[in-house]
Structures are given as C-alpha cells and as structure tokens.
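One structure below.
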Amino acid sequence: MKILIFASLIIYTVAGTQLTLDRNPRIVGGEDGQIEEFPALVAIINIPRQMRTCAGTLISEQWIITAAHCYTHPVNFTIEYATSYLQQTNPGAKHADPELFLRHEKYNGSSITFDIGLIKLLMPLLTGLHSPFSRLAMPGSYYRTGTPATVAGWGIWSYENSTLAHLQKADLQVWHYRDCQEAHKDSGSSLSIHSHQICAGLPDFSKAECNGDSGGPLYVHGVQVGIVSWSLKPCTVAEFPGVYTDVSFFIPWIQEKTGLEFELQNFLIRKN
Ligand SMILES: *[C@@H]1O[C@H](CO)[C@@H](O)[C@H](O)[C@H]1NC(C)=O
Ligand SMILES: *[C@@H]1O[C@H](CO)[C@@H](O)[C@H](O)[C@H]1NC(C)=O
Ligand SMILES: *[C@@H]1O[C@H](CO)[C@@H](O)[C@H](O)[C@H]1NC(C)=O
C-alpha cells in the first residue's frame with residue numbers, strides 16, 4: 001500500500017481559499033468517546049502499522065461495512081476491535097484477520113461514488129461488548145436536514161504522528177443530499193453529490209466540520225445512516241458538509257453479498 005490515497009488529490013481555489021479533497025477526513029472539534037458507546041466500531045489497521053487506518057462497523061460476527069476507498073488486500077491489514085485506544089503497541093488490543101474485502105462493483109475512485117465495501121472475517125468474532133452490531137438504516141429511510149447525528153472514529157493520520165489515538169465522537173446534523181448538492185455547487189470541485197450519499201455538518205461550521213475516519217459510521221438515534229467517504233478541506237473554513245455513503249441505499253447490496261437478513265425495525269421515517 002504505497003499509494004497515498006489519503007493525500008490531497010484535487011486542489012483548487014474558491015475565493016482565494018485553497019480547498020483540497022480529503023479522503024482521510026478526521027474528526028475536528030470532537031470529544032473523547034468510549035468503545036462501549038460505539039461497540040460496532042472497528043479499526044482497519046494496515047500492515048506495516050504506521051500506514052493510515054480506516055474504520056468500519058461490525059454488522060454481524062463475520063462482516064464489517066466500510067468505505068470502498070479503504071481497500072487494502074487482506075494480507076495487508078488486520079482488524080482491531082473492542083478498544084477505545086489505538087496505539088503503536090496496544091497490548092490489550094484484540095485482532096481479527098480478514099478473509100476478503102469486497103468493493104462495490106460501481107465504486108468509482110475519481111468521482112468517489114458507490115464508496116462502500118464489505119470485509120469478511122476469517123473467523124466469527126465476539127467482541128464481549130453489549131450489542132456489538134451496527135443497526136442499519138432500512139431502505140427508504142429519510143433524514144431531513146438538521147436531524148441530529150453523531151460521527152465516531154479515531155481520526156488518525158499515522159500511528160507515529162498520531163495525536164488522536166483515543167476514539168473521538170462529534171455531534172453533527174444531517175444534510176439531505178439535495179441540500180448538500182446545493183452547498184457543494186459553488187465549491188469549484190468536480191465532485192458532485194448523488195442520491196446514494198448523505199451529508200453531515202453543522203450549520204455554522206463552528207466545530208467538527210470534518211467527519212471521522214474514512215469508513216466509519218454516522219449514527220442517527222443509534223441507527224447507522226452513513227459511512228464516512230470524503231470532505232473538502234480545510235475544515236476550519238469549510239462551508240461544505242462532509243459526504244457519507246447512504247447506508248439505506250445499499251441494504252439490498254449488503255444483503256446480496258453477505259446473505260444477512262435485517263429486521264425491518266430500524267428505519268425512522270419512510271420516504272414519501
Ligand atoms: C502488501 O504490502 C506490501 C508492502 O507495501 C506490498 O509490497 C505487497 O504487494 C502487498 N500485497 C498485496 C497482496 O497487495
Ligand atoms: C468515474 O468518474 C469519472 C468522473 O466523474 C468519470 O469521468 C468516469 O467515466 C467514471 N468511470 C466509470 C468507469 O464510470
Ligand atoms: C511525523 O511528523 C514530523 C513533523 O511533522 C515529520 O517530520 C515526520 O516525518 C513525521 N513522521 C512520519 C513517520 O510521518
């Protein structure tokens with residue numbers, strides 16, 4: 001994994017401000033969280049370990065959902081779970097080995113669309129935590145702009161230089177994709193927002209303008225509605241909410257690939 005996919009790929013100017021595309025968004029202005037609050041959250045640790053990490057969430061004993069752009073060959077990463085801290089050496093850490101990493105067939109790394117992936121673990125695992133699986137937003141779920149949401153992740157650039165080895169969380173608000181589309185219209189970016197995406201930020205961008213580690217979850221009332229995908233930087237002057245993969249859009253795909261069944265109890269508001 002020599003390619004620095006998290007490096008700034010697109011640089012352009014809006015009103016004299018340098019904006020860069022960040023494929024490794026991390027939480028800014030968040031606060032410490034505990035794994036017990038986000039028991040499904042896992043870290044995808046690249047080997048060698050100083051490479052950046054991604055996050056993901058357990059949806060069963062053997063399956064994790066994450067972002068497609070987090071792809072690494074299974075020989076080159078491990079899953080760290082049931083821990084609030086990520087450190088260079090974490091004696092208490094639990095590890096699970098991956099068997100495969102599936103990217104969505106339509107994933108496009110240029111437009112960063114269909115940015116969803118599934119990791120299958122070699123062996124089923126038990127986290128020892130209460131309700132360790134992410135409850136997913138059901139197809140047709142609709143979240144209006146302003147709905148309170150929470151993002152969680154470790155927000156790490158690299159282990160050696162990590163200042164945020166502790167799990168971070170931040171309270172944000174959902175932006176409906178159409179509002180997000182509107183917000184990004186004047187960004188000058190070639191990237192656009194699609195109906196299989198959902199966004200999150202704060203109206204005044206006062207804090208937590210960035211989202212958590214790529215592949216990590218966005219929750220609304222304890223239901224995972226998004227997967228961290230990308231955002232525009234610098235965060236401190238951002239007028240652009242972070243972009244997430246809309247989980248509800250991909251339930252049929254997740255079911256098809258994993259063979260898992262989901263109970264129809266998790267959606268909040270059905271569309272129309
Ligand atoms: C695993 O990582 C090493 C070191 O970056 C690289 O040389 C190797 O090709 C990777 N293996 C696979 C299967 O991607
Ligand atoms: C990927 O997205 C880019 C930019 O939108 C587009 O030009 C390209 O055709 C897309 N590739 C595929 C295979 O759809
Ligand atoms: C860590 O950060 C310092 C200062 O920014 C830099 O000089 C050093 O190369 C970084 N180390 C790694 C492994 O990225």
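Treat the numbers as computed from the prediction; the structure is a model and nothing was measured. In what follows, residues are counted from 1 in the order of the sequence shown. Order of listing sets the numbers, starting from 1, for every ligand and every atom in it. Excluded from the calculations below are hydrogen atoms, water molecules and symmetry mates; all remaining heavy atoms, backbone and side chain alike, are included.
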Thr245 side-chain N/O to Gly226 backbone N/O, donor-acceptor pair under 3.5 Å:
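The answer is no, because no donor-acceptor pair under 3.5 Å joins these two groups.
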Using a 3.5 Å distance criterion without hydrogens, assess whether the side chain of Ser60 forms a donor-acceptor pair with backbone atoms of Gln62.
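Yes, the answer is positive, given that a donor and an acceptor are paired below the 3.5 Å cut-off.
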Looking at Lys169 and Glu37, is there a salt bridge between them, counting it only when a charged N and a carboxylate O are closer than 4.0 Å?
yes
Using the rule given for ring-ring contact (aromatic ring centres under 6.0 Å, His included), can you reason through His196 versus Tyr177, listing the C-alpha separation, both sets of side-chain angles and the distance that settles it, and then say yes or no?
CA-CA 8 Å; His196 68 270; Tyr177 88 90; 9.1 Å; no
Among residues two or more places apart or on two chains, list those pairs meeting side-chain hydrogen bond (donor to acceptor under 3.5 Å, both in side chains) that have a residue in residues 119-133.
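Found none.
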Who's touching ligand 2 if we go heavy atoms under 4.0 Å?
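Around ligand 2, where the cutoff is 4.0 Å for heavy atoms, the contacting residues are Asn108, Ser110, Ser111.
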Leu122, Tyr71: one ILVMFWY side-chain cluster at the under-4.5 Å cut-off?
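No, because Leu122 and Tyr71 fall into different hydrophobic clusters, even though each may have its own neighbours under 4.5 Å.
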Polar-atom distance check: His73 versus ligand 1, any N or O pair below 3.5 Å?
no
